[in-house]
Amino acid sequence: MRTVDLRPGEDTIRLGQLLKLVDAVPTGAQVKDVLATTDIRVNGEAEDRRGRQLRSGDVVAIEGFGDVRIN
C-alpha cells in the first residue's frame with residue numbers, strides 16, 4: 001500500500017488532488033472522467049466526487065492502481 005503524507009499545517013486533501021499527486025491521472029482536467037469510469041473507493045465506499053475531503057487514516061482504493069493511505 002502506498003502512503004501519502006499531508007502537508008504540514010493541512011488536515012485534508014481533496015480526492016482530485018490525491019489522484020494527481022499519485023499519478024493516477026495525468027492532468028487535473030481528466031480527474032472528472034476518471035472518477036466517472038473508474039471504481040474508486042474511500043474507506044470501502046464508492047466515491048465519485050473529486051472534491052471529497054480526505055483525512056489522515058483514510059484509505060483510497062483505485063481500480064487498476066492499488067490502495068493509497070493518507071498520513
Side-chain angles (χ1 to χ4, degrees):
M1 178 181 301
R2 187 170 179 179
T3 60
V4 171
D5 293 323
L6 292 171
R7 289 187 240 172
E10 291 188 358
D11 296 329
T12 64
I13 185 172
R14 293 179 195 267
L15 179 58
Q17 292 171 318
L18 175 74
L19 294 174
K20 290 187 297 185
L21 184 64
V22 300
D23 295 324
V25 295
T27 67
Q30 294 173 324
V31 169
K32 188 175 179 179
D33 293 336
V34 168
L35 287 169
T37 60
T38 305
D39 183 31
I40 298 179
R41 298 187 174 271
V42 176
N43 301 325
E45 296 188 14
E47 185 59 72
D48 63 358
R49 297 173 294 160
R50 66 180 177 194
R52 163 77 185 260
Q53 295 289 323
L54 304 169
R55 292 170 170 57
S56 182
D58 285 344
V59 175
V60 180
I62 307 164
E63 177 184 22
F65 189 83
D67 294 350
V68 179
R69 178 181 297 278
I70 310 300
N71 283 334

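The structure displayed is predicted, hence computed values, not measured ones.
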At what distance, to the nearest 0.5 angstrom, does [atom1] of [X] lie from [atom2] of [Y]?
X	Y	atom1	atom2	answer
Asp5	Arg69	CG	CZ	12.0 Å
Asp48	Arg41	CG	CZ	11.5 Å
Thr12	Asp58	OG1	CG	10.0 Å
Leu18	Ile62	CG	CD1	6.0 Å
Glu47	Ile40	CD	CD1	9.0 Å
Gln17	Leu19	CD	CG	10.0 Å

Between [X] and [Y], is any pair of side-chain heavy atoms under 4.5 Å apart?
X	Y	answer
Leu21	Val68	no
Val22	Val60	no
Leu54	Val4	no

Which heavy atom of [X] sits nearest to which heavy atom of [Y], and what is that distance?
X	Y	result
Arg49	Leu15	O-CD2, 3.5 Å
Gly16	Val31	CA-CG1, 3.8 Å
Gln30	Val25	O-CG1, 4.4 Å
Asp67	Ala61	OD1-CB, 3.2 Å

Neighbour count >12 (heavy atoms, 6.0 Å) for atom CD, Glu45: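 Atom CD in Glu45 is not packed in, count stays at 12 or less.
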Atom CG of Asn71 with >12 non-hydrogen neighbours under 6.0 angstrom: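 More than 12 within 6.0 Å, yes.
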Within one Ile-Leu-Val-Met-Phe-Trp-Tyr cluster: Leu35 and Val59, side-chain cutoff 4.5 Å: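 No, Leu35 and Val59 fall in different hydrophobic clusters.
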Test log, rule side-chain contact (heavy atoms from CB on, under 4.5 Å), inputs Arg14 and Gln53: CA-CA 5 Å; Arg14 293 179 195 267; Gln53 295 289 323; 3.3 Å; yes
